[in-house]
Amino acid sequence: MAYLLLQILFGVVTIVLALYYYFTSTFDFWKVRNVPGPKPIPLFGNIKDVLLTKLAMCDFLTALHKQYGDEPFVGLFTTRTPILVVHDPKFIKDVLIRDFSKFSDRSIHISEKAEPLSPNLFYLKVDRWRPLRARLAPVFTSGKLKKMFPLILECSDRLEQYLDKVIKEGDCVDVRELMAKYTTDVIGICAFGIEANNLADADSDFRRLGRTVFSSSLGNIIRFRLRQSMPWFAELLSNVLPQEEVTTFFTNLISETLAYRDENNIVRPDFVNMLLQLKRQPDKLENIKITDTFLAAQAYVFFIAGFETSALTMSNALYELALNPDIQDKLRKEIREHDDKNKGELKYEQLKEMRYLNLVFRETMRKYPAAPLISRKSTADYCFEGTKLTIPKGTDIWIPLFTIHRNPKVYPNPDAFIPERFTEDAVQARNPMNDIPFGEGPRICIGIKFADCQTKLGLIKILRNHRVDVCEKTMIPYVFDSSGLLVAPKGGIYLKITKLEG
């Protein structure tokens, strides 16, 4: 009996030691390359509090920058995977632009079996991303956006009308939810040709699924962690678990919409029309098998990227304008002057004339970029120019967008909201790699112009005849959500909206 217990004890110790070795065997990766960084711990690496949702990624990056901000590179570990954090603008430019071919993939694992909507433009590896990007880019040109502008304007008009209902209720308004309804309407009509009318129908499928995708539920957190840390297990579970509702919804929606338009020869200036062209000419996309699920994946990423990021930008802008009424008054003055000049008519080209609105938009994107970081993966062995640092193929790269935008050496008093940081002279005086809210280089966000348009229109319609102020439910100071993937507030952004006379 004693011998059996000894064998069991020996087996347990062997398993523990094997696991310990597995989770720590890579921990000398940065040490041998003379890259500084905090000491990792087994199982979690350096991001225990982030993984356990005790700390938001942007707060983690802020703490890291305070300790290592003067270092061009910092070495981290996520569980046991080495991560190179790049702080220096010169090397950021090398990664995103100059040597893009060596860093063309994102450092995010995708499993098409576990996540049928994951092979989309955002996640795809370069061999499939490049031809797809070339085919989808024409949808987002100024010419195509100009054709969509009346549709976006119609949605913004409905938003302005809906504010009357909000004001009558007299309570503080969660402007994040309000803006999400507006942007979901815009995406519904511009991408899918569907009048979702989320402002009137709080339970529409589009809005409900939008909440589901970005909810901080335990299920969402577990699924994401599994897919990134144990993709093999996520694939195994996909064999027994039913497809998520969002996968079924978008696959059926795109299949039915494409079939209906094809049968009835319907042509619209929207995203689905481009998907229909891809389906009709599959031979023009090398290395890609065109299926309805693949096309649904492209529509899905346009939907989630188009509504949530712009909704966050608008709600964050309104939050700052409520805290800074002098800036709000100055912006409203410009909006009304432009309105009087053009007799209340808004056209696509006129958005560019509103210079202070652009300054407010850019300062909002500086302080609240949609994502806390930009990720890349080296596709070849690489030596950073002028250094002795060489990284092997497959090394993950993080560019800490949040702390780049809040670096006090670049943006004095970075927590203050100062639109004048983006005057022409101020921008020219800075390294352009210190202002990259949409990324940079060939994989820059494809929907920049679309986001710019729907965001500015929404702000114009709200601020022209309304005032936003803080209320008893306003979150001061701003607290970041520790369980989400985006730079987002914990809870909603509650403000008081009042109708102005004249």
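Reckoned from all heavy atoms, side chains included, excluding hydrogens, waters and symmetry mates. Remember, predicted model here, so these are calculated numbers, not experimental data. For reference, positions follow the sequence shown, starting with 1.
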Notebook entry, point to check: Checking side chain to side chain contact (heavy atoms under 4.5 Å, CB included) for the pair Val74/His65: CA distance, chi angles, key distance, verdict?
Noted result: CA-CA 9 Å; Val74 182; His65 190 269; over 6 Å; no
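- Counting all heavy atoms, side chain and backbone alike, Val86 lies closest to Pro400 at O-CD, 3.2 Å.
- Panel note: side chain Thr79, backbone Leu43; no donor-acceptor pair is recorded below 3.5 Å.
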Next item on the list: Go through the steps for Arg362 and Asp435 under the test side chain to side chain contact (heavy atoms under 4.5 Å, CB included), then give the verdict.
Entry: CA-CA 9 Å; Arg362 295 187 66 178; Asp435 175 34; 2.8 Å; yes
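- Seen from the ring of Phe417, Lys367 does not count as a face-on cation partner, given the 6.0 Å and 45° thresholds.
- The main-chain N or O of Pro38 is found under 3.5 Å from a side-chain atom of Asn46 such that the two form a donor-acceptor pair.
- Asp481 places a side-chain N or O within donor-acceptor distance of the main-chain N or O of Ser483, the cut-off being under 3.5 Å.
- Closest of all the heavy-atom pairs between Pro419 and Tyr356 is CG-OH, 3.7 Å.
- Atom CD of Glu349 has more than 12 heavy atoms from other residues, nucleotides or ligands within 6.0 Å.
- For Phe302 and Phe140, the distance between ring centers is under 6.0 angstrom.
- Under the 4.5 Å side-chain criterion, counting only non-hydrogen atoms from C-beta, Arg443 is not in contact with Ile374.
- Here CD1 of Ile92 is found 8.0 Å from NE2 of His87. Values are rounded to the nearest 0.5 Å.
- For the side-chain contact (heavy atoms from CB on, under 4.5 Å) test with Tyr494, the passing option among Glu472, Arg176, Lys473 is Lys473; the others fail.
- For the residue pair Met179 and Leu318, the shortest heavy atom distance occurs at SD-CD1, 4.3 Å.
- Put simply, CZ on Phe450 and OG1 on Thr455 are 9.5 Å apart, with the number rounded to the nearest 0.5 Å.
- The side-chain heavy atoms of Phe29 and Phe77, taken from C-beta on, include a pair separated by under 4.5 Å.
- More than 12 heavy atoms of other residues, nucleotides or ligands lie within 6.0 Å of CZ in Arg98, so this atom counts as buried by the packing criterion.
- Nearest approach of Ile436 to Pro432, heavy atoms of both residues: CG2-O, 3.8 Å.
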Next item on the list: Evaluate salt bridge (charged side-chain N to carboxylate O under 4.0 Å, His left out) for Glu440 paired with Lys93, printing each intermediate quantity in order.
Entry: CA-CA 8 Å; Glu440 193 50 84; Lys93 184 176 182 179; over 6 Å; no
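- Atom-to-atom distance recorded for Cys190:SG and Phe149:CZ is 11.0 Å, nearest 0.5 angstrom.
- In terms of modelled atom types and a separation under 3.5 Å, the side chain of Gln328 and the main chain of Arg467 share no donor-acceptor contact.
- In this structure, Phe103 and Asp94 have side chains that are not in contact, with every pair of non-hydrogen atoms separated by 4.5 Å or more.
- The closest side-chain heavy-atom distance from Leu145 to Tyr348 is below 4.5 Å.
- Minimum interatomic distance between Leu495 and Ala322 (heavy atoms only, all atoms of both residues): CD2-CB, 3.7 Å.
- Checking side-chain atoms of Tyr182 against main-chain N and O of Gln454 turns up a donor-acceptor pair under 3.5 Å.
- Here the CZ atom belonging to Arg366 is positioned 13.0 Å from the CD1 atom belonging to Ile404, to the nearest 0.5 angstrom.
- A donor-acceptor pair shorter than 3.5 Å cannot be found between the side chains of Lys352 and Asn358.
- Side chains of Tyr382 and Asp99: a donor-acceptor N/O pair is present below 3.5 angstrom, by distance only.
- The side-chain heavy atoms of Lys102 and Ile391, taken from C-beta on, include no pair separated by under 4.5 Å.
- At least one side-chain heavy atom of Glu334 sits less than 4.5 Å from a side-chain heavy atom of Leu331.
- Residues Ser25 and Arg80 are in side-chain contact: their nearest non-hydrogen atoms beyond the backbone lie under 4.5 Å apart.
- Proximity of Lys48 to Ile41: side-chain heavy atoms (C-beta onward) are separated by under 4.5 Å at one or more points.
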Next item on the list: Evaluate side chain to side chain contact (heavy atoms under 4.5 Å, CB included) for Val487 paired with Leu312, printing each intermediate quantity in order.
Entry: CA-CA 8 Å; Val487 177; Leu312 277 171; over 6 Å; no
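- Taking a cutoff of 4.0 Å between a charged side-chain nitrogen and a carboxylate oxygen, Asp396 and Lys377 qualify as a salt bridge.
- Remark: side-chain polar atoms of Asp469 are not paired, donor with acceptor, to backbone N or O of Ile497 under 3.5 angstrom.
- Not a single side-chain hydrogen bond (donor to acceptor under 3.5 Å, both in side chains) links Arg106 to another residue, sequence neighbours left out.
- Note that SG of Cys172 is 13.0 Å distant from CD1 of Ile493, once rounded to the nearest 0.5 Å.
- Using cut-offs of 30° and 60° on the angle between ring planes, the pair Tyr411 and His405 is perpendicular.
- Classification of the Phe384-Phe73 ring pair by plane angle, with boundaries at 30° and 60°, yields tilted.
- The closest donor-acceptor contact from the side chain of Arg128 to the backbone of Ile288 lies at 3.5 Å or more, if one exists at all.
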Margin query: Please determine whether side chain to side chain contact (heavy atoms under 4.5 Å, CB included) holds for the pair Arg376 and Leu96, giving the CA-CA distance in whole Å, both sets of side-chain angles, and the decisive distance to 0.1 Å.
Written below: CA-CA 8 Å; Arg376 291 289 186 269; Leu96 297 181; 3.9 Å; yes
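- Residues Phe480 and Phe402 bring their aromatic ring centres within 6.0 Å.
- A side-chain donor-acceptor contact under 3.5 Å links Ser378 to the backbone of Thr395.
- Of all the heavy atoms in Phe438 and Ala451, the pair that sits closest is CE2-CB, 4.3 Å.
- Taken from CD1 in Ile152 to CG in Asp185, the straight-line distance is 12.0 Å, to the nearest 0.5 Å.
- Thr379 places a side-chain N or O within 3.5 Å of a backbone atom of Ser101 that can act as its donor or acceptor partner.
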Check: Taking it one step at a time, do Asp452 and Lys449 satisfy salt bridge (charged side-chain N to carboxylate O under 4.0 Å, His left out)?
Finding: CA-CA 5 Å; Asp452 181 282; Lys449 293 178 181 177; over 6 Å; no
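- Formation of a donor-acceptor pair under 3.5 Å by the Gln298 side chain with backbone atoms of Leu121 is found in this model.
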